[in-house]
S.K.: 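Let me begin by handing over the structure; questions about it come next.
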Amino acid sequence: MKNESKIYEKYVNSPLRSVKYDTYFPSYEKILSPFKGNKLTLVEIGVHNGGSLLMWQEYFGTKARIIGIDLNPEAKKFEKQGIEIYIGDQSDSSFWDKFYDSVGNVDIVIDDGGHTYEQQIITLNSCMGRVNDGGIIVTEDVHTSYFKTFGYPSKYTFINWAKNIIDVINSRSENVETINNRYTHLISSLEFFESLVV
C-alpha cells in the first residue's frame with residue numbers, strides 16, 4: 001500500500017538517513033498535521049544520523065524550533081543544519097531539569113531514544129508539565145514492551161505503565177473515585193497506535 005503521508009515524503013527525501021517504521025507516518029500525519037506551519041518547539045530524543053530532525057524541520061516549516069537530544073557528542077555536527085543539539089542521558093532526571101531550564105517549555109516531544117521501559121517512563125515523566133497546553137508527547141517503538149530481551153513478561157513494561165494512565169483519565173468522572181497523582185491534571189488523552197503511544 002502506498003504511503004500518502006506528507007511526513008513520509010519528507011522522510012524519504014531527507015538527505016540524511018533515519019530509521020522509522022512506515023506504519024508511523026499515517027499516525028504522525030493524523031496527530032501532527034494541526035501543528036504544521038505554526039510556531040512551535042519540537043524535541044526528538046535519539047538523533048542517530050539526523051534524518052528525522054531534517055524531516056521535521058522541512059515538514060513543520062521555518063517557524064519551528066527543532067531540538068535533538070542524544071548520548072553521542074558527535075550529534076553536535078547537525079547544528080550546522082540549523083538544529084539545536086543537546087547531549088545527555090534521557091534516563092537521568094537531572095539532565096531533564098537542566099534541559100528545560102535552558103530551553104523552556106516545548107510543544108512536541110518524540111522519544112525515539114533507548115526504548116527500555118525505564119528510559120521511556122523517565123522521559124515521559126520528565127517531560128510532562130514542561131509541554132505546553134495542547135502539546136503532545138509521543139513514545140516510539142513501544143513494541144519493546146513485548147521483547148524478552150527487554151524483560152518481558154513484566155508488570156513494569158512501558159505499555160503496562162501507560163495502561164494505568166487510562167484509569168487515571170477515567171477517574172475524573174464525577175461517579176468515580178478520583179485517582180490523584182501527577183497525571184490527573186496533566187494528561188487530557190492517551191492514544192495507542194501500532195508501536196506508538198501518544
S.K.: In this structure, would Tyr156 and Ile166 fall into the same cluster of hydrophobic residues linked by side-chain contacts under 4.5 Å?
M.R.: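 Cluster IDs for Tyr156 and Ile166 differ.
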S.K.: Sort and list the pairs that fulfil salt bridge (charged side-chain N to carboxylate O under 4.0 Å, His left out) and have at least one residue in residues 80-109, not counting sequence neighbours.
M.R.: Arg65-Glu84
S.K.: Are Leu71 and Leu53 linked, directly or through intermediate hydrophobic residues, by side-chain heavy-atom contacts shorter than 4.5 Å (ILVMFWY only)?
M.R.: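 Different clusters: Leu53 never reaches Leu71 through Ile, Leu, Val, Met, Phe, Trp or Tyr contacts under 4.5 Å.
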S.K.: Which distance, rounded to the nearest 0.5 Å, do you find between the CD1 of Ile110 and the CD1 of Ile67?
M.R.: 12.0 Å
S.K.: Would you mind reporting whether Tyr117 and Asn160 have side-chain heavy atoms less than 4.5 Å apart?
M.R.: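 Of all side-chain heavy-atom pairs linking Tyr117 with Asn160, none is under 4.5 Å.
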S.K.: So, do Leu54 and Glu58 sit near enough that their side-chain heavy atoms are less than 4.5 Å apart?
M.R.: no
S.K.: Can you tell me how far CH2 of Trp96 sits from OG of Ser91, rounded to the nearest 0.5 angstrom?
M.R.: 10.5 Å
S.K.: Would you say the ring centers of Trp56 and Phe35 fall short of 6.0 Å from each other?
M.R.: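 So the answer is no for these two rings.
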S.K.: Counting N and O atoms only, with roles assigned by atom type, does the side chain of Gln119 sit under 3.5 Å from a partner on the main chain of Thr116, one being a donor and the other an acceptor?
M.R.: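 At least one qualifying donor-acceptor pair exists.
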S.K.: With under 30° as parallel and over 60° as perpendicular, where do the rings of Phe150 and Phe147 fit, or are they tilted in between?
M.R.: perpendicular
S.K.: For a quick test of reading the model, state the closest non-hydrogen atom pair linking His115 to Asp141 and the distance between them.
M.R.: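 Heavy atoms of His115 and Asp141 come nearest at NE2-OD2, 2.8 Å.
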S.K.: Indicate the atoms forming the closest heavy-atom contact of Ala75 with Ile87, along with that distance.
M.R.: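 What the structure gives for the nearest pair is CB-CD1, 4.3 Å.
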S.K.: Testing the basics here: between Leu196 and Ser27, what is the closest heavy-atom pair and its distance to 0.1 Å?
M.R.: CD1-CB, 3.8 Å
S.K.: For the atom pair CD1 (Ile159) and NZ (Lys163), what is the distance rounded to the nearest 0.5 Å?
M.R.: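 With rounding to 0.5 Å, CD1 (Ile159) is 7.0 Å from NZ (Lys163).
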S.K.: How many angstroms lie between CD in Glu44 and CG in Asp70, if you round to the nearest 0.5 Å?
M.R.: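 It comes to 10.0 Å.
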S.K.: side-chain contact (heavy atoms from CB on, under 4.5 Å) for Glu140 and Tyr28? Distances and angles first, verdict last.
M.R.: CA-CA 11 Å; Glu140 285 191 359; Tyr28 271 133; 2.6 Å; yes
S.K.: Would the distance check show the side chain of Gln81 and the main-chain N or O of Gln57 forming a donor-acceptor pair, the cut-off being under 3.5 Å?
M.R.: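 Judged by distance alone, no pair lies under 3.5 Å.
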S.K.: Locate the shortest heavy-atom distance separating Tyr24 from Ser195; write the atom from each residue and the value.
M.R.: OH-CB, 3.5 Å
S.K.: Give a yes or no on whether Ile85 and Ile108 share a hydrophobic cluster (residues Ile, Leu, Val, Met, Phe, Trp, Tyr; joining criterion: side-chain heavy atoms under 4.5 Å apart).
M.R.: yes
S.K.: What distance do Phe99 atom CZ and Ser126 atom OG have between them, rounded to the nearest 0.5 Å?
M.R.: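 It is 11.0 Å, given to the nearest 0.5 Å.
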S.K.: Spell out, yes or no, whether Val138 and Val47 are grouped together once hydrophobic residues are joined by side-chain heavy atoms under 4.5 Å, including indirect joins.
M.R.: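 Yes, it is one cluster - the side chains of Val138 and Val47 are joined through contacts under 4.5 Å.
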S.K.: Within the structure provided, determine whether Ile45 and Thr123 are in side-chain contact (heavy-atom separation under 4.5 Å).
M.R.: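 Side chain of Ile45 against side chain of Thr123, heavy atoms only: contact under 4.5 Å found.
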S.K.: Could you pull out the closest heavy-atom pair between Ile137 and Cys127, with the gap in Å?
M.R.: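 Distance-wise, the nearest heavy atoms are CD1-CB, 3.9 Å.
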S.K.: Give, for atom CD of Gln120 and atom CG of Asp111, the distance between the pair rounded to the nearest 0.5 Å.
M.R.: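 Taking CD in Gln120 and CG in Asp111, the distance rounds to 6.0 Å.
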S.K.: Any salt bridge (charged side-chain N to carboxylate O under 4.0 Å, His left out) involving residues 184-198? Give me the pairs, sequence neighbours left out, ordered by first then second residue.
M.R.: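 Pairs touching residues 184-198 that pass the test: Lys30-Glu191.
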